[in-house]
Amino acid sequence: MNDSVEKQSNQSKAVLVINCGSSSVKFALIDLMREELLITGLAECVNSLDTLLTWKVGKDKFTKALPEATLVDCLGEVIKVLPSDVEVIAVGHRVVHGGEAFTSSVKIDADVLEGLERCSNLAPLHNPAHIAGMRASQKVFPKLPQVAVFDTAFHQTIPPHAYLYAVPYSWYTEQGVRRYGFHGTSHRYVAGETARRLGKPLGETSLIIAHLGNGCSACAIEAGQSADTTMGITPLEGLVMGTRSGDVDPSIHAFISKSLGWSLDRVMTALNTESGLLGISGQSNDMRTLVSAMEAGDDRAKLAIEVFAYRLAKAIMGLTAALSKLDAIVFTGGIGENSHQVRARALEHLRVLGVQVDHELNAQNGDAEQGRISKEGSLLCLVVETNEELMIARETLAIIAL
Ligand code: ADP
């Protein structure tokens, strides 16, 4: 790119979606007309001797070493690998935490950057990196509008009785301690796509969506809106995840700290990075690896999968409290979309809801029309692929069109 990205007009138009971490930046270019992914890529180990840019166009993969490249340098290199026959009209930034300040996507300006800084304490690993990414992107694409799309925003419709913890109220009013929820972009996309497949207006659709990737969360969608979700003030709460514990007795911190002589930080590291599927199995956080190990007779892998599936089912049951009806249970994310073993095990625990799995459809990740994995007459269970980049691109377009 070149100036052409900003100047040419009779080309197909696209949004560049950026997800900036502390030492990496993921990007994806989405064609808006065809809603198609044109290119994805990652710059990793930014600001180090090992800085590496990798990108994928269709099935072709490319890499370029960029030793000691800064974030601005990396984004400058990204420009060079974008297709020249596409006009980038905006940049959409994925933001993990918008606190209570951001209830929807916004065009990034000085006030927004300030607001993000104010809620950085809620996501100290993520938000400062996002802010750095926005500033770098503003430098590299000075003429393009930039939009922030928040993982938390979709959940701002959750009512107080579902978002408040039963702790001193001043923790909420003064420290912002409450359930925020995450994966909002995915839950929102999947809710819309499910309503489309059901042939219903989103506003009349009530669902439970299980987003099961490396991070996992379930969300109750009542009349198209998030009514409750399993993640909390941070993405540690709720379901069992790849390396995160999900729910534990809060006194586990003090118990382990006393019995092992660990600092609070050490306990938090264990709950975030040494727990979940990895913690129980003792071998991997990757569901594919664990399913293979279970099928080869590994008992700890089996146990990890069973805990994962049971806790998911229990959370789904809990979330029904937020709903007036339930049109479907929907699975998405890497595990949700691909692991028939996990889905079958979780749904086994939900027979009381009237769930009957169609094992043939489940084994093929759902029927061709809707992604259905349940029998006729059962509570409907579906597999729906998520597409967070597309949702961010749509949101970005909607905001710049305002
Ligand atoms: P992220 O949350 O990082 O976006 P993904 O949504 O890609 O992650 O999900 C990653 C998880 O999906 C991993 O645990 C991976 O093993 C699992 N997964 C991907 N494909 C399969 C599969 N065919 N069977 C079982 N698990 C799978």
Side-chain angles (χ1 to χ4, degrees), residues 19-24 94-102 115-132 150-152 155 158 160 162-184 211-218 228-286 300 303-304 307-308 310-312 314-315 318:
N19 182 357
C20 202
S22 57
S23 63
S24 69
R94 179 184 174 214
V95 182
V96 165
H97 218 309
E100 286 189 325
F102 298 103
L116 273 171
E117 259 158 24
R118 270 199 302 275
C119 58
S120 276
N121 64 327
L122 293 168
L125 295 180
H126 293 104
N127 276 21
H130 297 327
I131 294 168
F150 301 91
D151 269 8
T152 47
H155 300 298
I158 294 177
Y163 73 63
L164 277 179
Y165 295 113
V167 293
Y169 193 64
S170 60
W171 293 10
Y172 167 57
T173 52
E174 291 167 23
Q175 308 299 325
V177 172
R178 55 160 283 182
R179 176 181 313 288
Y180 290 95
F182 299 87
H183 290 143
H211 176 112
L212 310 175
N214 283 309
C216 303
S217 73
D228 199 357
T229 189
T230 52
M231 283 179 167
I233 184 170
T234 73
L236 181 58
E237 191 181 347
L239 305 180
V240 174
M241 309 181 211
T243 63
R244 288 177 233 157
S245 61
D247 292 340
V248 290
D249 180 333
S251 51
I252 211 167
H253 293 82
F255 182 85
I256 287 296
S257 172
K258 269 190 206 138
S259 54
L260 297 181
W262 284 8
S263 67
L264 190 55
D265 279 352
R266 180 69 189 87
V267 179
M268 285 306 292
T269 301
L271 293 174
N272 272 300
T273 66
E274 300 162 16
S275 300
L277 293 171
L278 173 65
I280 298 176
S281 71
Q283 56 175 297
S284 178
N285 62 322
D286 190 288
R300 286 269 294 280
L303 185 60
V307 174
F308 182 95
Y310 176 71
R311 287 272 299 277
L312 169 61
K314 195 168 152 180

Would you indicate whether the side-chain heavy atoms of [Y] and [X] approach each other to under 4.5 Å?
| X | Y | value |
| --- | --- | --- |
| Ser257 | His253 | no |
| Leu239 | Leu212 | yes |
| Glu237 | Asp247 | yes |
| Cys216 | Leu312 | no |
| Trp262 | Thr269 | no |
| Thr243 | Asn272 | no |
| Glu100 | Tyr180 | yes |

Under 3.5 Å donor-acceptor, Arg244 side chain and Gly215 backbone: no
Using atom types as modelled and distance alone, determine if a side-chain donor or acceptor of Arg94 lies under 3.5 Å from a backbone N or O of His130. no
Any idea which heavy atoms bring [X] and [Y] closest together, and the distance?
| X | Y | answer |
| --- | --- | --- |
| Ala270 | Ser275 | O-OG, 2.6 Å |
| Phe308 | Val240 | CE1-O, 3.1 Å |
| Arg300 | Ile280 | NE-O, 2.6 Å |

I need the [X] [atom1] to [Y] [atom2] distance, nearest 0.5 Å.
| X | Y | atom1 | atom2 | result |
| --- | --- | --- | --- | --- |
| Leu277 | Asp286 | CG | CG | 9.0 Å |
| Cys119 | Asn121 | SG | CG | 7.5 Å |
| Asp151 | Phe102 | CG | CZ | 14.0 Å |
| Met268 | Thr234 | CE | OG1 | 6.0 Å |
| Arg178 | Leu122 | CZ | CG | 10.0 Å |
| Asn127 | Phe150 | CG | CZ | 8.0 Å |

Are more than 12 heavy atoms from other residues, nucleotides or ligands located less than 6.0 Å from atom OH of Tyr172? yes
Would you check, one step at a time, whether the test side chain to side chain contact (heavy atoms under 4.5 Å, CB included) holds for Met231 with Met241? CA-CA 11 Å; Met231 283 179 167; Met241 309 181 211; 3.8 Å; yes
What about Phe182 and His97, are their ring centers closer than 6.0 Å? yes
Between Ser245 and Leu236, is the side chain to side chain contact (heavy atoms under 4.5 Å, CB included) condition met? List the steps. CA-CA 7 Å; Ser245 61; Leu236 181 58; 3.9 Å; yes
Verdict with reasoning, Ile158 to Thr229, per side chain to side chain contact (heavy atoms under 4.5 Å, CB included): CA-CA 8 Å; Ile158 294 177; Thr229 189; 3.8 Å; yes
Derivation of the side chain to side chain donor-acceptor pair (under 3.5 Å) call for Asp249 and Ser251: CA-CA 5 Å; Asp249 180 333; Ser251 51; 2.7 Å; yes
Stepwise side chain to side chain contact (heavy atoms under 4.5 Å, CB included) test for Arg179 and Asp228: CA-CA 9 Å; Arg179 176 181 313 288; Asp228 199 357; 3.5 Å; yes
